[in-house]
Every structure is written in C-alpha cells, then in structure tokens.
Q: 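Submitted below is the structure of interest, expressed as structure tokens.
Just so you know, ligand 1 is whichever comes first in the structure, and atom 1 is the first atom listed for that ligand.
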Amino acid sequence: MAANGNGVSTTPKSLLARIQTQKNGGICHDDSGKPVKAQTIDELHSLQRKRSAPTTPLDGVQGAFATISEDERQRQQLQSISASLASLTRGTGPKVVRGDPAGKVQSVSHVAHHHHIEAPTISVSDSSLKFTHVLYNLSPAELYEQAIKYEKGSFITSTGALATLSGAKTGRSPRDKRVVIDDTTQDELWWGKGSPNIEMDEHTFMVNRERAVDYLNSLDKVFVNDQFLNWDPQNRIKVRIVSARAYHSLFMHNMCIRPTPEELENFGTPDFTIYNAGQFPCNRYTHYMTSSTSIDLNLARREMVILGTQYAGEMKKGLFSVMHYLMPMRQILSLHSGCNMGKDGDVALFFGLSGTGKTTLSTDHNRYLIGDDEHCWSDNGVSNIEGGCYAKCIDLSREKEPDIWNAIKFGTVLENVVFDEHTREVDYGDKSVTENTRAAYPIEYIPNAKIPCVGPHPKNVILLACDAFGVLPPVSKLSLAQTMYHFISGYTALVAGTEDGIKEPTATFSACFGAAFIMLHPTKYAAMLAEKMQKHGATGWLVNTGWSGGSDGSGNRIKLPYTRKIIDAIHSGSLLNATYHKTEVFGLDIPTEIEGVPSEILHPENTWADKKAYKETLLKLAGLFKKNFETFTNYKIGKDNKLTEEILAAGPNF
Ligand SMILES: Nc1ncnc2c1ncn2[C@@H]1O[C@H](COP(=O)(O)OP(=O)(O)OP(=O)(O)O)[C@@H](O)[C@H]1O
Ligand SMILES: O=C([O-])CC(=O)C(=O)O
Ligand SMILES: [Ca+2]
Ligand SMILES: [Mn+2]
C-alpha cells in the first residue's frame, strides 16, 4: 500500500487502470504519423543508410557494357590493396576486408586471394592470419566520424571544420628525408652540398618499408586513398595513400584530385604509393637513420615510406618531390608556385618560399584560382598538380582574407589550431601549439576556383620574398637574367626567433624557391623556366611581402592591402608602363608610383629613418646573396653560355 500526496491511497491495480484510460479502443498512439517499416531497432537503423552507387551510368546504359560484375571489381580492388600491403619477406598480402571493423553491416567479406599459398599453415606467422580492414576512399563525413570516434584531439569547430593535432611534429622534417641511390638515380639526381636528397640504399629502404607495412598490418584498420595528381589529363599520375589515421585520409582527400566514381572503377594499379606509418618511429639502429623520423623515397619502386612524423604536409610535399622528378623527364617544368588567371585569360605564377604569400595572393576575389602551391608548365600551358589548398592560418582574419576564411567549413582539416572548448570558435591568433597552423580544403571551396585547374601560358612571373631586413623594394621589374638570378637564389628571410635570443632576421636561400622538393640540379629547372618565359614573353617581378621602414623590430610588415594593389597593377598591365629608376647595389628597376600605394614606400630607403643603417643592411644582404650564389657560378644554365654570364651579372653589384 502506498499513499500519494493527496492522502488518497492507491493500489498498483488502480494505478494501472488509470494509465490505461483511453477513449478509443485501448491502443495507445502518441502521434498520428505512419509507423516505421522496421520490426526491430537494428532494422530501423539500417533504413537510415542507403547504398551509394556511381551517379553517372557508363555510356548511358548502366551495366550493359560492363565487362566485370560489381563483386568482381571489388574483389580486384581488394586484391590490389592486399598486394600494396604485402610483406615482401613473407610473400603474401594480408587478408583485407572492406569496411569498418566496428560496423558489421558494411563489411563485405571479400578476402583477397593469397596467390602462392594454397593452404596457409600456422607456421607462416600470426600476422597473416589476421584481417586488416580497409577503409577505402571514405567520404569526408565518414572520415569525420572515424576521426572523432578514434583519434584523440579531433573536434568539430564552430564553422564545421575538423580540428586535429599532428602530434609532436607540426612542420616538415627535411633533414630526415632520404632518397634511394641506385645506378640510375646516382647520375640523374642532384646529390651533395645544397641538395635536399640525402642518400640511403635500397636495402635500408626495404627495412623501413617492412617496418611501415608491418605496423599498418598490425592495426585493425587502415585508410586507403586512390587519387590523382595533375589536372593535365595527359600527364596525370595515379597515387595510392595507405595511412593509419582518418586525419591523413581526409587531408589527402582534400589535397589530391578526387576521382569520380567511374574513374575509381577503372583506377587499376597506382603509379605511386605512400605508406604512412607516421605514429610509429623508425629504428635508430637502422643504417642512415639519424633520428626516429624518416621519410624515404624510392623512385624505382615508386614508393614512399613515412615513419615517425604525423605532419600531413610530408605526404603532400613528398608527392611534390616525385613530380619534380617525373615531370622534367617529360620536358614539363614543375613549380613551387601559386597560380591564378584574370577574366581575360592572363595567367600569373607566384613563386616563393613558405609564408611569403603564394596562397594568400593567388586567392584573389577578382581572379580565377588555378592553384595555390604546386604547378606544372608544359607546352600546353599550366596545370595544378593538386586538388586542394593548404593555407597558413596564423592571424587569419575574415576582413583581409575572406575567401580563405569562408573555406574553413565542413570538410576542411584544421591542423593544430586552438579553439574555445565550449563554443568551438577558433582563435587564429593563438600560437600555443605552433605558429604553423594550417587549413587544408578542396580547391572548389574557393568560390572562383577554375575547374579544371588548368590555364594558358603565364604572362607574369612574380617572385615573392618576405624580406625581414626591409631593404628590398615592395616591387621591382626584372629582366630575364635577373628573374633567373633570383629564381636560383630563392631568397626569403625568417624573422628573429622570440626564444633563442636571435636579434637579427635570418636569410634563407632555397634554390627554385623550393630546394627541399627539387630532385634535379636547380639549373635544370632554371633553364626550363628561362626557355619558357622567353618563348611566351612572360615578365618577371620581385615582390617583397616582408618588411618596410626598417628591419624586423623597427619596421613593419608591408600591409597586405598595399601588396594586393601592387599585384593588381602587375595583373592589369599598368605597372609595365610605369616610370622606373634603378636602385644601387641590387640594380632593381622600381616604379615611381602605383595607384593605391603611397609613393614614398616604393623606395625602401625613404622609409628608413636611419639612412646609414639602411645602407649597411642593404650591403649585408647583398653579401649574403653573393655568398650563396658562389655554389652556382661553375654551372652552365641551359645550352647558351651567354645566358649563364648574364645571370651571373644580374646579381648585386658592389
Ligand atoms: N603583405 C603581405 N603579403 C602577403 N602575405 C602577407 C602580407 N602580410 C602578412 N601576410 C601573411 O603572410 C602569410 C602568407 O602565407 P601563405 O599561406 O600565403 O604562404 P605560402 O607562400 O602559401 O607558403 P606555403 O608554401 O608554406 O604554403 C599569411 O598568413 C598572410 O596573412
Ligand atoms: O609543405 C608544407 O608543410 C607547407 C608548405 O607548403 C611549404 O613549406 O612550402
Ligand atoms: Ca600555401
Ligand atoms: Mn608550399
């Protein structure tokens, strides 16, 4: 017996009677909608997802001309992936299954056939008895779920981007890059002083490859991306990326060219494969290893292995290195540059080292974006290598860079940013994790992207330098020889480090504005650039996106709106017809006026209060240029010795 608050005693019987009080026949309806078709909760959940199929039927007649069945195609795909993951010492590929190990519904159990072994015996090894689940070309939404469920540090930001952490490494590790030296590469590639190619032998590569493959096979699941590089259809490269993290898979989904369902069906064997086992270190007892990070490139095997770094930029730039080898072999110039096109079809290239403004300045609301970082220049014109952009986010503002700001939405990978734990609003000014915060998004997230990402021959070649010494003019017009001199020099300056007590800016010289990625001697690329610029009548420009009014510390970085006005004047052709005068020491032609830019800043000397300090700094930088160029003085550039002499004479004179 229980008593309710009103003192009326109720029995269990009367309670039941009261709840069941219904006017219409005793069946309880809590709404008037139709009941769902499912009989069980599991069935209800299965209704939520429908199977996706290619959207455009081949030749209009779906399936009629298909040579293989869907089952057979999937089996071949899994066999190809199984072969990619094969241990080369145990002789067979692992058993691979498609789908998430957690989601039983989707895992279609197509086991790849083990070719050589009819009846596997227990003596082989435990690893060949286990299944590896393959998450093949997942969509951004699926990758979000994988990341959020399984990868610590993954969050959805207030604008829908996927915030991730790249771990201990928040930038590339160029000193840990290794390239296999063999009879071919020994002669073809650039080795030795100044070269980014640090040698390793084939055997050591195989040791690291096995380590990566074993690591990947030890996991319950791996991500596989099959994608393309290069929008030029004649020179398209098929790449496969095998990785352990949804972050890596989504990053490459965004950065490489995304195949259509039809292209994927006919993908076949990849031209190049990356094994990214970044969470797992290399073994420091291994020959040639000087740290626990190793990024190993084997051109003969068309493979790259990543151990000991999860920074996703290694994959992007690793493939760029491969293109810097493959494309020149086909007489195509590969470029570390941004690229955009005006309404009238005028194309501009933006060369520059990291942080000089390739992404910022090629993303221009008044022009079509072809690409922000990696291009090819062939006899047909320019083509982007990638399918996405990789923008620096530090101090990003909606006002100054609206298109990049708006691209940070669902699907975009946001690396190493700091956000409010409740609102998930990103604080782009926060450098707590790193200064190198980044956003990777598909190029079509930029409203005026030019798809397909190709264009005609460039009209302007803009060399960007972030001169923290503050002595290079905001813009100068270059002769062809000067363009080559500055292209080979590849100058920029890093600002004074805040921690290590360095008070002065540091000059960096990186040949072809990308020495970390080139495979051949810089003069090979330079000769090709000179030949193409000459043939197509392109004009070279040097734009300082760095300091004005003094070096870092006393001056300030040139305001982005001014740099944009300068770039506008280059694009429109108005700067070509300006009045110029030559500077001392560097011998640069600087314009006397540009619309929208205060004339006094055009000559750096005017902006320095201390003229003596200006001259000293100018000479100091010129000395650094001279010293850097010494390595190139004995090289011939192209067939023409005349050009070589002109280039040598186009540097600073003092
Ligand atoms: N005057 C200026 N011109 C260009 N960029 C500027 C200027 N002032 C400040 N910046 C800032 O400098 C940074 C340029 O970075 P950007 O992403 O364009 O580099 P990048 O050349 O594409 O390098 P990476 O090859 O590493 O991607 C941006 O954060 C931009 O906001
Ligand atoms: O590669 C990276 O990580 C960033 C980049 O674009 C560069 O350094 O040129
Ligand atoms: Ca960039
Ligand atoms: Mn870059």
Q: Can you list the atoms of ligand 1 that are under 4.0 Å from a heavy atom of Asp373?
A: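 Answer, ordered by atom number: 25 (O), 27 (O).
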
Q: N/O of Arg172 under 3.5 Å from N/O of ligand 2, yes or no?
A: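 Yes; at least one N/O pair falls below 3.5 Å.
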
Q: Can you find an N/O atom of Lys317 closer than 3.5 Å to an N/O atom of ligand 2?
A: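 Yes - when backbone and side-chain N and O of Lys317 are compared with those of ligand 2, one distance drops under 3.5 Å.
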
Q: Taking N or O atoms only and a 3.5 Å limit, does His336 qualify as a polar contact for ligand 2?
A: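 Yes - when backbone and side-chain N and O of His336 are compared with those of ligand 2, one distance drops under 3.5 Å.
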
Q: Is there an N/O/S atom in Gly514 that lies less than 2.8 Å from the Mn ion (ligand 4)?
A: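 No - counting backbone and side chain alike, Gly514 has no N, O or S atom under 2.8 Å.
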
Q: Looking at Glu415 and Arg438, does any basic side-chain N land under 4.0 Å from a carboxylate oxygen?
A: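 Judged by the 4.0 Å cut-off on N to carboxylate O distance, Glu415 and Arg438 do not form a salt bridge.
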
Q: Any pair with a residue in residues 593-603 that passes side-chain hydrogen bond (donor to acceptor under 3.5 Å, both in side chains), sequence neighbours left out, goes on the list, sorted by first then second residue, please.
A: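 Every candidate side-chain hydrogen bond (donor to acceptor under 3.5 Å, both in side chains) pair involving residues 593-603 fails, so no pair, neighbours aside, qualifies.
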
Q: Just which atoms of ligand 1 are under 4.0 Å from any heavy atom in Lys392?
A: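 Every atom of ligand 1 under 4.0 Å from some heavy atom of Lys392: 15 (O), 17 (O).
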
Q: Does a salt bridge link Lys477 with Asp589, judged by any charged N lying under 4.0 Å from a carboxylate O?
A: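 No, no charged N to carboxylate O under 4.0 Å.
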
Q: Near Thr360, which atoms of ligand 1 are under 4.0 Å from a heavy atom of that residue?
A: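 Those qualifying, in numeric order: 14 (C), 15 (O), 16 (P), 18 (O), 28 (C), 30 (C).
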
Q: Taking salt bridge (Lys or Arg N to Asp or Glu O under 4.0 Å) as the definition, give me every residue that meets it alongside Asp364, ordered by chain and number, with sequence neighbours left out.
A: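 Not a single residue meets the salt bridge (Lys or Arg N to Asp or Glu O under 4.0 Å) criterion with Asp364.
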
Q: Quick check on Phe320 - does any of its heavy atoms sit under 4.0 Å from an atom of ligand 2?
A: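 False for this residue.
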
Q: When you measure from the centre of the six-membered ring of Phe517, is the NZ or CZ of Lys317 closer than 6.0 Å and no more than 45° off the axis?
A: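 Geometry flag: set, cation within 6.0 Å and 45°.
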
Q: Using a 4.0 Å heavy-atom threshold (strictly under), name the region of Lys358 that reaches ligand 1: side chain, backbone, both or neither.
A: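 Looking at Lys358 and ligand 1, atoms from backbone and side chain both fall under 4.0 Å.
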
Q: Check contact between Glu314 and ligand 2, using heavy atoms of the residue and a distance below 4.0 angstrom.
A: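 So Glu314 does not count as touching ligand 2.
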
Q: Within less than 2.8 Å of the Mn ion (ligand 4), any N, O or S from Glu374?
A: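 No - counting backbone and side chain alike, Glu374 has no N, O or S atom under 2.8 Å.
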
Q: Over 60° means perpendicular and under 30° means parallel, so classify the ring planes of Phe320 and His324, tilted if in between.
A: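 Tilted: the ring planes of His324 and Phe320 meet at 30° to 60°.
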
